[in-house]
Amino acid sequence: FVSFPLGAGDEREARRQARTMTPNLWAEGLADPALAAVRAARAAGVAGAGEALADLERNGGRSAVARAIVLRLAAELAKEARVRLRLLEASRSRLDLAPPDWN
C-alpha cells in the first residue's frame, strides 16, 4: 500500500498510505525491531536518535519516526520490485533459449 505509490512516483499518496498503515504495521511486529534499532543508534551516539526514541516511546505507531521508518522500508521494497521487474523483462526474451526442463 505504501511501496506501490512510491514506485509510481506518487509520494503524496505514499505518505497518506503510510499514515494509515503505520499503526497496523507497528502493532503487527514493527515495534520491536524499530525500537531496538533506534536504541542501538542512540547507544552509538547517532545524532537525533534520543529524540527519535522518545517520539517512538511516546507515540508508537502514530509517531513521525514510525512513519519515516515505514516510508524508508517501502522505498527499499519499491526499489527491489523495480530491479526484479527489469530482470524479468531482460530474461523473458531469452527463456526460449533454455531447454524446457531447465524452467
Side-chain angles (χ1 to χ4, degrees):
F1 293 102
V2 182
S3 67
F4 285 146
L6 277 179
D10 190 349
E11 188 173 328
R12 182 176 181 197
E13 177 62 13
R15 289 186 179 283
R16 188 183 75 73
Q17 289 292 338
R19 199 172 303 110
T20 300
M21 296 300 300
T22 300
N24 297 329
L25 295 169
W26 189 260
E28 292 178 4
L30 179 61
D32 290 338
L35 288 167
V38 176
R39 286 182 180 125
R42 183 185 63 180
V46 174
E51 293 84 0
L53 181 59
D55 184 37
L56 288 173
E57 288 175 339
R58 184 175 47 252
N59 301 309
R62 300 222 177 266
S63 70
V65 174
R67 280 193 307 277
I69 292 169
V70 167
L71 284 165
R72 170 75 181 266
L73 293 171
E76 290 176 13
L77 184 61
K79 181 180 177 182
E80 183 179 321
R82 281 192 305 273
V83 169
R84 287 177 184 265
L85 182 60
R86 275 185 268 165
L87 179 61
L88 181 62
E89 289 169 350
S91 64
R92 186 166 287 156
S93 65
R94 299 178 186 147
L95 284 176
D96 60 340
L97 300 176
D101 55 324
W102 286 10
N103 290 320

* Grab the two heavy atoms, one from Leu53 and one from Arg42, that are nearest each other, plus how far apart they are. => CD2-NH1, 3.1 Å
* Spell out, yes or no, whether Leu71 and Phe1 are grouped together once hydrophobic residues are joined by side-chain heavy atoms under 4.5 Å, including indirect joins. => yes
* Atom CG of Leu6 and atom CZ of Arg15: how far apart are they, to the nearest 0.5 Å? -> 8.5 Å
* Asked: How far apart are the closest heavy atoms of Asp55 and Ser63, and which atoms are they?
  -> OD2-CB, 3.2 Å
* Asked: Hey, any chance Leu73 and Phe4 share a hydrophobic cluster, counting ILVMFWY side chains that come within less than 4.5 Å of each other, even indirectly?
  -> no
* **Cluster link Met21 to Ile69, ILVMFWY, side chain under 4.5 Å** => yes
* Asked: Which heavy atom in Pro5 sits nearest to a heavy atom in Ala14, and how many Å separate them?
  -> CB-N, 3.7 Å
* Asked: Looking at side-chain heavy atoms only, is the closest gap between Glu57 and Leu35 below 4.5 Å?
  -> yes
* Of all heavy-atom pairs between Arg62 and Pro23, which one has the smallest distance, and what is that distance? -> NH1-CG, 3.2 Å
* **Sub-4.5 Å side-chain heavy-atom contact between Leu56 and Trp26** => yes
* Structure fact -> Heavy atoms of Thr22 and Gly61 approach each other most closely as CG2-O, 3.2 Å
* Looking at Ala74 and Ser3, what are the two nearest heavy atoms and their distance? -> O-CB, 3.3 Å
* **Inter-residue atom distance Thr20.OG1 - Arg16.CZ, 0.5 Å rounding** => 5.5 Å
* Asked: Among all residues two or more places apart in sequence or in another chain, which pass the salt bridge (charged side-chain N to carboxylate O under 4.0 Å, His left out) test with Arg72?
  -> Glu76
* Does the pair Arg86/Glu89 count as a salt bridge with the N-to-O cut at 4.0 Å? -> no
